[in-house]
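Okay, structure first, notes after.
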Amino acid sequence: MKKAISTDKAPAAIGPYSQAIELGNLVFTSGVIPVNPATGEIPEGVEAQAEQVFRNMAGLLEACGTTMEQVIKTTVFIKEMNDFGKINEIYAKYFTGTFPARSCVEVARLPKDVLLEVEAIAEK
């Protein structure tokens with residue numbers, strides 16, 4: 001049976017969706033954007049936004065009873081493919097050991113006009 005996860009350690013859903021869904025021993029996150037969950041602010045620049053996204057992701061996964069180390073697959077949506085290298089540097093700080101499988105695509109626009117959004121599938 002699926003279970004919706006909600007936490008204040010990640011930005012609240014801004015539409016009719018759950019922050020994450022737990023199904024058996026798997027967790028599926030919705031897209032996580034770089035909104036500071038305490039203040040609602042979005043940092044300036046792609047590096048600061050990437051740091052915030054992965055802090056948010058770690059908080060969401062913690063609320064789901066798992067960690068970044070248990071992530072199996074990520075999808076990274078970026079506004080500008082030229083930021084790929086900068087995002088990779090920060091990504092590698094949060095995912096260590098065996099990196100998850102990943103897709104990365106450039107998109108025309110993201111919610112709140114942020115520069116990146118990340119979703120993940122993790123094992124509990």
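Worth knowing before you read on, the calculation uses all heavy atoms, side chains too, and leaves out hydrogens, waters and symmetry mates. A quick note: this is a predicted structure, and the numbers were derived from the prediction, not measured.
The hydrophobic cluster containing Phe77 does not contain Ile90, counting ILVMFWY residues as joined when their side-chain heavy atoms lie under 4.5 angstrom apart, directly or transitively. Val118 and Ile42 end up in different hydrophobic clusters when Ile, Leu, Val, Met, Phe, Trp and Tyr side chains are linked at under 4.5 Å. Both Phe84 and Leu115 belong to a common hydrophobic cluster when Ile, Leu, Val, Met, Phe, Trp and Tyr are linked at side-chain heavy-atom distances under 4.5 angstrom. In the hydrophobic clustering of this structure, Phe28 groups with Ile72; members are Ile, Leu, Val, Met, Phe, Trp, Tyr whose side-chain heavy atoms approach within less than 4.5 Å, directly or through other members. A chain of hydrophobic side-chain contacts below 4.5 Å, direct or via other Ile, Leu, Val, Met, Phe, Trp or Tyr residues, connects Val53 to Val76.
Counting heavy atoms from C-beta outward, Pro100 and Met68 have side chains that stay 4.5 Å or more apart. Side-chain contact between Tyr94 and Arg55 is present, with at least one heavy-atom pair separated by less than 4.5 Å. Arg102 has its side chain out of reach of Phe95: every pair of non-hydrogen atoms, C-beta onward, lies at least 4.5 Å apart. In this structure, the side chains of Glu89 and Glu47 stay at 4.5 Å or more apart for every pair of heavy atoms. For the pair Val71/Met57, no side-chain contact is recorded, criterion being any heavy-atom separation below 4.5 Å from C-beta on. With contacts defined as side-chain heavy-atom distances shorter than 4.5 Å, the pair Asn36/Gln52 qualifies. Here the side chains of Asn25 and Gln70 are not in contact, with every heavy-atom distance at 4.5 Å or above.
Phe54 contributes atom CZ, which lies 7.5 Å from atom CD1 of Ile87 (distance to the nearest 0.5 angstrom). Atom-to-atom distance recorded for Asn88:CG and Lys86:NZ is 12.5 Å, nearest 0.5 angstrom. In this structure, NZ on Lys3 lies 12.5 Å from CG on Leu23, to the nearest 0.5 angstrom. Atom CD of Glu106 is separated from atom NZ of Lys79 by 8.5 Å, given to the nearest 0.5 angstrom.
In this structure, the side chain of Asn56 engages the main chain of Val35 through a donor-acceptor pair within 3.5 Å. Thr75 contributes no side-chain N or O that, together with a main-chain N or O of Glu119, makes up a donor-acceptor pair within less than 3.5 Å. Without hydrogens or angle criteria, Lys124 side chain to Cys64 main chain gives a donor-acceptor distance under 3.5 Å. Judged by distance alone, the side chain of Gln19 and the main-chain N or O of Thr7 form a donor-acceptor pair under 3.5 Å. With hydrogens and angles ignored, the 3.5 Å screen pairs no side-chain donor or acceptor of Glu117 with any backbone N or O of Ile33.
What you find for Asn82 and Glu80 is that their closest heavy atoms are ND2-OE2, 2.9 Å. The nearest pair of heavy atoms linking Pro37 to Asp8 is CB-O, 3.4 Å. When all heavy atoms of Ala92 and Phe99 are compared, the closest pair comes out as CA-CE2, 4.2 Å. Counting all heavy atoms, side chain and backbone alike, Ser18 lies closest to Ala4 at OG-CB, 3.6 Å. Closest approach of Val46 to Leu116, counting heavy atoms only: O-CD2, 4.3 Å.
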Check your understanding: When you look at Leu60 and Val32, which way does the side chain to side chain contact (heavy atoms under 4.5 Å, CB included) test go after all the steps?
Key -> CA-CA 9 Å; Leu60 178 55; Val32 175; 4.0 Å; yes
